[in-house]
Structure formats: structure tokens, C-alpha cells
Amino acid sequence: MDSTPAAWSDADAYLADLLVGHDPDLEAALAAQRDAGLPAIEVAPVSGKLLNLIARISGARRVLEIGTLGGYSTIWLARAVGPEGRVVTVEAEGDNAAVARASIDAAGVGDRVDIRIGRGADVLPTLVGGFDLVFIDADKESNTIYLDWAARLGHPGTVVVLDNIGREGEIVREDSADPKVIGTRDGLRMLGEDPRFDATALQTVGAKGWDGVAVALVV
């Protein structure tokens with residue numbers, strides 16, 4: 001089989017069917033997001049399951065998510081922390097937060113999720129630290145701000161997941177003028193140079209195209 005975007009998407013669908021399966025609450029969250037006209041930029045099902053597993057493997061009970069959108073990844077994380085856990089999720093757009101709130105509540109995990117509305121740079125300084133996992137999936141131009149606060153609000157052993165690091169391979173172009181690419185490169189450079197982090201990154205292909213994720217530990 002040729003390696004094409006269509007083939008990547010088909011393989012992702014196969015893996016999702018096999019390892020994620022049918023989930024009415026998550027599918028309803030996606031439908032609500034589409035009906036509200038939100039962009040289709042949520043994590044793929046296999047990536048949502050990966051976030052859930054990372055949170056469970058690390059034993060995370062307090063999770064910080066930067067970038068709520070329609071609440072799809074938030075539901076995955078809220079399930080992972082369990083009934084006694086807590087997810088604080090930051091969303092810049094009030095309309096997005098309203099869609100997310102309804103879907104999160106409908107999924108039965110609303111009591112575990114605190115949605116903070118506002119720009120990350122404004123909201124993050126108001127939070128109390130001690131997060132066990134931080135998932136960053138917001139505007140790429142602010143990646144270094146978010147990573148700095150992930151370290152400040154975490155502790156040694158906190159897991160940090162930075163999404164969308166592949167950028168269709170554009171991260172290797174030092175002359176790129178795309179602010180998303182520049183922000184991604186700056187974030188990756190920070191993960192490599194900042195002594196607060198020990199990190200790696202994987203490029204991926206799938207339903208989201210040529211993309212990738214970085215995973216770091218606060219040391």
C-alpha cells in the first residue's frame with residue numbers, strides 16, 4: 001500500500017475501531033462540536049486514548065489542560081483521573097467553553113472538570129500548582145509561555161504533553177515565516193534546552209495528517 005494521507009487516515013480508523021471502539025459520549029461531544037461550528041482540530045480518537053493511558057500510567061490525579069475546544073480530550077482526561085481527581089482546563093473562547101461544558105456534563109464527568117475561561121497567559125498565573133500532568137494543545141505561538149507555566153505549576157515527575165509538533169514537516173525549515181511553525185520550533189527548542197525538562201518527540205501520520213507529539217518530564 002502506498003504511504004498517502006488517505007492510507008494514514010484509513011489506518012487510524014482501523015486502529016480506533018480495534019482499540020478505542022464505539023463510545024456514545026465521546027461521539028456526542030464531537031457531534032456537538034460540529035453542530036456549533038467549532039473547527040475539527042481535536043485530537044484523534046487514538047490520541048485521546050493515548051492521553052488517557054498516559055494519565056493512568058503516571059497516576060495523575062490533578063491534570064491541567066491548555067486548550068479545551070469542545071471538551072473531547074477533556075473527557076478522556078477526566079475519565080483517567082477517576083472520581084477523586086480533578087481536571088482544570090483553560091479555554092480562551094467563551095462559546096467553545098459553553099459547548100465543552102455541556103458535553104463534559106453529559107458524559108458524566110462534569111464534577112471533575114473546572115473550566116477556566118480566558119487567555120492562557122492570563123489564567124495560568126492564577127492557578128494553584130501541583131499538577132501531575134499538563135496537556136498543551138492551544139495556540140502554538142504561545143508554546144513557550146505554556147511550557148514555562150507547566151514547569152512552574154508542576155513538580156518533579158509531572159508529565160507534559162505538547163501536541164501538534166510535526167507541522168507537516170515544516171519544523172525543519174528555519175526560514176519559515178509561519179507563526180505556528182515558529183512557535184512549535186521555539187517550544188521544541190525549550191524542551192531540549194531548558195533544564196527543567198527531559199523530553200522526546202515523535203512525528204506521526206494519521207487522521208490528523210503529518211503531525212506529532214512531544215512528551216516531557218519535569219525534573
Non-neighbouring partners of [X] that pass salt bridge (Lys or Arg N to Asp or Glu O under 4.0 Å), sequence neighbours left out:
X	value
Asp105	Arg101
Glu170	Arg173
Asp211	none
Arg196	Asp148, Asp194

Please tell me whether [X] and [Y] are part of a single hydrophobic cluster in this structure, the criterion being side-chain heavy atoms less than 4.5 Å apart.
X	Y	result
Val43	Ile57	no
Ile136	Val123	yes
Ile182	Ile171	no
Phe135	Val213	yes
Leu50	Val161	yes

Taking only residues two or more places apart in sequence or in another chain, which ones pass side chain to side chain donor-acceptor pair (under 3.5 Å) with [X]?
X	value
Asp139	Ser142, Tyr146
Thr89	Glu65, Thr68
Glu91	Asn96
Thr204	none

Which of Arg167, Glu174, Lys140, Met190 passes side-chain contact (heavy atoms from CB on, under 4.5 Å) with Arg185? Answer is Glu174
I'd like to know whether CG of Asp175 has more than 12 heavy-atom contacts from other residues, nucleotides or ligands below 6.0 angstrom. yes
Tell me whether Gln203 at atom CD has more than 12 heavy atoms from other residues, nucleotides or ligands lying less than 6.0 Å away. no
Rounded to the nearest 0.5 Å, what separates atom [atom1] in [X] from atom [atom2] in [Y]?
X	Y	atom1	atom2	result
Asp137	Asn143	CG	CG	9.5 Å
Leu30	Asp25	CG	CG	11.5 Å
Arg61	Phe131	CZ	CZ	15.0 Å
Thr74	Ile104	OG1	CD1	4.5 Å
Leu69	Leu38	CG	CG	5.0 Å
Leu191	Thr144	CG	OG1	10.5 Å

[X] to [Y] - nearest heavy-atom pair and separation:
X	Y	value
Ala201	Leu188	CB-CD2, 4.3 Å
Leu51	Ser73	CD1-CB, 4.2 Å
Gly187	Leu147	O-CD1, 3.5 Å
Ala199	Ala216	CB-CB, 3.6 Å
Ala55	Leu77	CB-CD2, 4.5 Å
Ile117	Ala92	CG2-O, 4.3 Å

Find out whether [X] and [Y] are in side-chain contact, i.e. whether some heavy atom of one side chain is under 4.5 Å from a heavy atom of the other.
X	Y	answer
Tyr72	Ser103	no
Asn164	Lys180	no
Pro45	Leu26	no
Phe197	Val218	yes
Leu64	Arg62	no
Asp23	Lys49	no

Hydrophobic cluster (4.5 angstrom, side-chain heavy atoms) - remaining members for Val219: none
With clusters built from Ile, Leu, Val, Met, Phe, Trp and Tyr whose side-chain heavy atoms come within less than 4.5 Å, directly or transitively, what are the remaining members of the cluster of Val205, listed by chain and number? Trp8, Trp210
Could you walk me through whether Leu124 and Ile66 pass the side chain to side chain contact (heavy atoms under 4.5 Å, CB included) test, one step at a time? CA-CA 9 Å; Leu124 294 171; Ile66 305 172; 4.0 Å; yes
Ion pair check, Lys208 and Asp163, cut-off under 4.0 Å: no
Which residue pairs pass the side chain to side chain donor-acceptor pair (under 3.5 Å) test when at least one of the two sits in residues 117-134, sequence neighbours left out? Asp132-His155
Derivation of the side chain to side chain contact (heavy atoms under 4.5 Å, CB included) call for Leu217 and Val160: CA-CA 6 Å; Leu217 201 64; Val160 180; over 6 Å; no
Scan the side chains in residues 81-88 for donor-acceptor partners under 3.5 Å anywhere in the protein, sequence neighbours excluded, and list what turns up.
residue	atom	partner	partner atom	Å
Arg86	NH1	Asp111	O	3.0

After noting the C-alpha distance and the side-chain angles of Leu133 and Ile54, does the key distance pass the side chain to side chain contact (heavy atoms under 4.5 Å, CB included) rule? CA-CA 9 Å; Leu133 185 148; Ile54 290 174; 3.8 Å; yes
